[in-house]
There are 2 protein chains.
Amino acid sequence: MPSEQSTATAAPPRPVRRSRAPRGSLSSDLILDHALRLLDEKGLDAFSMRALAEDLGVGTMALYTYFRGKDELFRAARDRVLAAYTPPSAEGSWDQRLRAACIAVHELFTGRPAVLRLLAESTGNDDFIDTATAAMDRMLALLREGGLGREDAARAYGTLSRFTIGSALREVRVCARPEALEAFRARIAALPPERFPHLSDLAPELLLATENGGDQYEYGLDLILCGIRALAQQPASAATGS
Amino acid sequence: MPSEQSTATAAPPRPVRRSRAPRGSLSSDLILDHALRLLDEKGLDAFSMRALAEDLGVGTMALYTYFRGKDELFRAARDRVLAAYTPPSAEGSWDQRLRAACIAVHELFTGRPAVLRLLAESTGNDDFIDTATAAMDRMLALLREGGLGREDAARAYGTLSRFTIGSALREVRVCARPEALEAFRARIAALPPERFPHLSDLAPELLLATENGGDQYEYGLDLILCGIRALAQQPASAATGS
DNA sequence: ACCTGAACACCGTTCAAGT
DNA sequence: ACCTGAACACCGTTCAAGT
């Protein structure tokens, strides 16, 4: 007789899994691997505990022996991604290194769209993993090395992190989606030029900027770094407009 | 006999609504009013079509005669909020007016936390309401007035909008939540100073910056404006680091 | 037309049970 | 201990029906 498992004559609508999953077939690491793959491929909205279990070929409740629930699983997935962060090699002046560090964080985020959304929506209530804390510490060190005062360093860091999250979010949600880009193009082309003269006039440039998401991040980063450098050359904290 | 409605002797677990809602009791505007109130009070996560219907005292399916579904209702709610935007009065130099316009947008967003999340998660596939488009056009006009080239104006606008969204998100998710602030305080206090020296050293300043979310926005905005002003004084597009 | 409840196909999670 | 299915309390939405 063929080796293929022969008890059922033809598979009815039921899922493919036939028997109990063997005892050691699961682990938190394996679960997280599949969860991140599912998240990257299908997106956060399509993710569910049931879908993840099916992807693993186990019953839904098997997941609950490794994670208290969906939230805990998501936090573990997020930490797994953050742990993968490796700071860029330290070369050049303090601001060049700061620039490189920000870009690395931004790339980490855009590379994991679903995890970015998790991060953006987190209330910051939970502990972060060491690598994330270390990255933060390193950026603060660079800002201090540049000569910024205590308060300026703290606030400049806040500015960089807010811009990085906002930027990565936009890239993931629109720049990286062909349909979204196409919709943007159509919308901007349909605008009545007499009511929105500048928008219509700058349409090609706006489109180009939207298509090249990564470049846009670096462009904005440089604007902020320009302000930070100005801060570094002043004795007191002052970046007020007038 | 008392006036209170007398058919039932004692109300069983069922909801309070007793009879059919009268014919004209509903309207898209009324639905949106309640939806926005619910969204602001309970948050996006607690919102559901069923909860909204109960809040309105109608059956769930009544909502579907006014909106095709949840997405359409959310888009209408978002547009209602965006339509409430009134640009600040035009006074001062171009950069002062740009600053004021950004702050107004930021305040609009932080005032409607749930709608902000909707906006941050939107793929940008859908049309925006006129007021939002007009605000965008006005900002581009100011950047051009400042002397920025076509490409610089487009990209500077992108930078401002990315920072504004990222900043508003952070404020809504952590700065405005006492529990989140408290968690942040506890976390930062528990950090081993020998491993994260700068983070520990700057703990008070980081906390202060997190508590004063709005100030943090203006601080970062000024950093970006500093970069934009530098751009305005140069002939070609150049904000590169070195 | 406007509003309704029942039903369908989902979801996260609890619980008691199998091995 | 590890894994299971059934069940519970949700969800958005379709559908046929009432007025």
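Labels below follow one simple rule: chain letters A, B, ... track the order of the sequence lines, proteins then strands, and each chain is numbered from 1.
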Leu39(A) CG to His34(A) NE2 distance, which is reported to the nearest 0.5 Å: 13.5 Å

Atom pair CG (Leu116(B)) and CD1 (Ile165(B)), whose distance is rounded to the nearest 0.5 Å: 5.5 Å

Any donor-acceptor N/O pair, Thr131(A) side chain to Leu82(A) backbone, under 3.5 Å: yes

Between [N] atom [atom2] and [X] atom [atom1], what is the distance in whole Å?
{"X": "Leu56(B)", "N": "dT4(C)", "atom1": "CG", "atom2": "P", "answer": "10 Å"}
{"X": "Leu52(B)", "N": "dC11(D)", "atom1": "CG", "atom2": "C1'", "answer": "14 Å"}
{"X": "Asp45(B)", "N": "dC11(D)", "atom1": "CG", "atom2": "P", "answer": "13 Å"}
{"X": "Leu38(B)", "N": "dC11(D)", "atom1": "CG", "atom2": "P", "answer": "11 Å"}

Where at least one partner belongs to residues 68-80 of chain A, residue pairs that pass side chain to side chain donor-acceptor pair (under 3.5 Å), sequence neighbours excluded: Asp29(A)-Arg80(A), Asp33(A)-Arg80(A), Arg68(A)-Glu72(A), Arg78(A)-Asp126(A)

Candidates Tyr217(B), Tyr157(B), Phe109(B) - the one meeting ring pair (Phe, Tyr, Trp, His ring centres under 6.0 Å) with Phe163(B): Tyr217(B)

Touch class at under 4.0 angstrom, heavy-atom based, for Tyr66(A) against every strand present: sugar-phosphate

For DNA chain C, stems built from three or more consecutive Watson-Crick or G-U wobble pairs below 3.5 Å: C:4-8 with D:12-16, C:12-16 with D:4-8

Do the side chains of [Y] and [X] get nearer than 4.5 Å, heavy atoms only?
{"X": "Leu73(A)", "Y": "Phe47(A)", "value": "yes"}
{"X": "Arg170(B)", "Y": "Gln216(B)", "value": "no"}
{"X": "Arg117(B)", "Y": "Arg173(B)", "value": "yes"}

Sequence-aligned protein contact record of nucleotides 12-19 of chain C, with B where the base is within under 4.0 Å of a protein heavy atom and S where only the sugar-phosphate is: BBBB--BB

